[in-house]
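To keep things clear, I will list the structure first and then write my remarks on it.
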Number of protein chains: 2
Amino acid sequence: MDNKFPTPCLGESCGECGFRSTLFDCLSSDQLIMLSKGKDLIKASKGDIIIKQGDKVKDFIFLRVGLAKLTRVSSDGKEQLVGIARPKDFIGLLSLFSSPVHQYSIIAIEDSECCIVEFELINKLVLESGKLAFSLLQKISQVSDMLISNKLDIDNRQLRGRIAFILSLFSKDVYQSTKFNLPVSRKEIGELIDMRVENVVRILSEFRKDKIISIEGTTIEILQPDKLEWIKNHG
Amino acid sequence: MDNKFPTPCLGESCGECGFRSTLFDCLSSDQLIMLSKGKDLIKASKGDIIIKQGDKVKDFIFLRVGLAKLTRVSSDGKEQLVGIARPKDFIGLLSLFSSPVHQYSIIAIEDSECCIVEFELINKLVLESGKLAFSLLQKISQVSDMLISNKLDIDNRQLRGRIAFILSLFSKDVYQSTKFNLPVSRKEIGELIDMRVENVVRILSEFRKDKIISIEGTTIEILQPDKLEWIKNHG
DNA sequence: AACGCCTCTTGTTAAATATCAAGAATGATA
DNA sequence: TATCATTCTTGATATTTAACAAGAGGCGTT
């Protein structure tokens, strides 16, 4: 389940694509046709590796549907979860311009669909259109700002606060619901917020005992969002 | 010493500026003249605030000479040191496109010189020149990649490893010398690598006792770079 | 010089977190 | 179904780090 690769599927025209990023709104119809021809649509099942750290950067990848995790192997060989990518996120955006190879792996944690555009084509469009370049600058800045800011925020919380942070992230940012299926394992949560599995488990049970959340299998429901929010900010 | 503002000083033409970033190499001579007219050169003394978190983003700032620190006030009010900016770094680059206000403060930690260009002008040049946009995309990506990667690296080290990391950073990346003046206080080191002042002090003394470094006032000399490197990677 | 305000330093103690161990639950596979 | 591997869970213990306290040294101000 961990090294299957996504399978390509039929594409459609970008011109009338409802999922298309506002990023491309500035393109002319000619340019949109180029985009349509140059892109591929792929489906990735839960667990599929979409991009592998170390792969040559040759594509521009846009998550249409689903959920994916950004991971990397740190200098000392440990696996780290860097962030979660949501629909409409440009994943792999960070390495796109800074490095010839991807700095992170991107792995689907829910069944997902991605649009893939050759980097050369994007590159060409950027050189043609200052507006597109400008939008891209904004997107990239936002993504990295978010990653850095999350990291910094997590750093000055202790364990309870971090767990609250991550629960709040899934509830508010990802699923917009107080009840959701945790798409990641305890181990992965640990990697994401820098703590051991055992402590992830322990604190989740603690929250359950305190009736802040309920846990049924992989389903989590947040019973006391206010309390969770308080812990996130002060715990 | 903490809230003086930098004083402007005489500019010169960007066309023949030896400090000019390769970023602008692609500009036409007309565009370079625009740049010359639109830019300001400022000098910032040690301690001067160059940019304040929350200020409106209206300038593009390039560090010609000196050294500066990026800091921010976290959501819970604590001061955090996010990174160190070196000459040729574009500081404030991260907030430039992602937010109307600066997300970080930038404070000179050595006497510095910066070039300041109005954002509007850069904006205009980006829209005109795809090449400039492309270079900017690369720069931004590199800066954020570096910040994120440093953060992640620091996270899976313990205290000795973090101190080794920061000493190595100053020695190799900033000063290219085994002997240098620490430009930041123990407290600031603590903020940068997430530890208490007391532990910064303690571990520095420990390294001194183990003859890995020597400390004389603010001057630090790395006596056993290999050992320090080992601690950085395994400690 | 005398004062207050920092940063720096060391020792001691408390709290947070990781490690280790061992069993339960789960899920994939033959 | 039986088996193996993995994740999950809990308890006990060790280690790491933070917090507290108290003094030393430096620097600017009056």
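Every chain is numbered from 1, with letters handed out A, B, ... down the list of sequences. Below, all heavy atoms of this structure are taken into account, side chains as well, without hydrogens, waters or symmetry copies. Keep in mind it's a predicted model, so treat the numbers as computed, not measured.
- Under the side chain to side chain contact (heavy atoms under 4.5 Å, CB included) criterion, B:Ile51 pairs with B:Ile61, B:His102, B:Ile106, sequence neighbours left out.
- Listed by chain and number, the residues in a ring pair (Phe, Tyr, Trp, His ring centres under 6.0 Å) with B:Tyr104 amount to none (sequence neighbours excluded).
- Distance CG (A:Leu204) to P (D:dT10): 10 Å, rounded to an integer number of Å.
- When the nucleotides D:dG11, C:dT9, D:dC8 are ranked by their closest atom to the side chain of A:Arg202, D:dG11 comes out on top.
- From one end of the helix from C:dA1-D:dT30 to C:dA30-D:dT1 to the other, with five pairs defining each end axis, the axis direction shifts by 40° (rounded to 10°).
- Sorted by first and then second residue, the pairs that involve residues 155-179 of chain A and meet ring-ring contact (aromatic ring centres under 6.0 Å, His included), not counting sequence neighbours, are A:Tyr175-A:Phe180.
- Within the structure, a side-chain polar atom (N or O) of B:Ser205 is placed less than 4.0 Å from OP1 or OP2 of C:dT10.
- Between A:Asp153 and B:Arg72 there is a salt bridge, since at least one side-chain N of the basic residue sits less than 4.0 Å from a carboxylate O of the acidic one.
- For DNA chain D, the neighbouring residues in residues 151-164 of chain B, judged by any heavy atom under 4.0 Å, are B:Gln158, B:Leu159.
- Not a single ring pair (Phe, Tyr, Trp, His ring centres under 6.0 Å) links A:Phe207 to another residue, sequence neighbours left out.
- Scanning for side chain to side chain donor-acceptor pair (under 3.5 Å) contacts around A:Lys227 gives an empty result, with sequence neighbours left out.
- Under 4.0 angstrom from either OP1 or OP2 of D:dA18 there lies at least one side-chain N or O belonging to B:Asn199.
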Sequence neighbours left out, cut at 3.5 Å: what donor-acceptor pairs do the side chains of residues 196-204 of chain A make with other protein atoms?
{"unit_1": "A:Asn199", "atom_1": "OD1", "unit_2": "A:Arg202", "atom_2": "NE", "d": "3.4"}

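- For the pair B:Ile203 CD1 and D:dT15 C1', the interatomic distance rounds to 14 Å; values are reported in whole Å.
- With sequence neighbours left out, A:Glu113 forms a salt bridge (charged side-chain N to carboxylate O under 4.0 Å, His left out) with A:Arg64.
- For the segment residues 184-198 of chain A, the set of residues with a heavy atom within less than 4.0 Å of an atom of DNA chain D comprises A:Ser185, A:Arg186, A:Lys187, A:Glu198, in numerical order.
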Side-chain donor-acceptor distances from residues 210-225 of chain B under 3.5 Å, at least two apart:
{"unit_1": "B:Thr218", "atom_1": "OG1", "unit_2": "B:Asn181", "atom_2": "OD1", "d": "3.3"}
{"unit_1": "B:Thr219", "atom_1": "OG1", "unit_2": "B:Asn181", "atom_2": "OD1", "d": "2.8"}
{"unit_1": "B:Gln224", "atom_1": "NE2", "unit_2": "B:Lys211", "atom_2": "O", "d": "2.9"}

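- Between A:Asp155 and B:Lys151 a salt bridge is recorded (basic side-chain N to carboxylate O distance below 4.0 Å).
- Residue pairs meeting the ring-ring contact (aromatic ring centres under 6.0 Å, His included) criterion with at least one partner in residues 216-235 of chain B, sequence neighbours excluded, are B:Trp230-B:His234.
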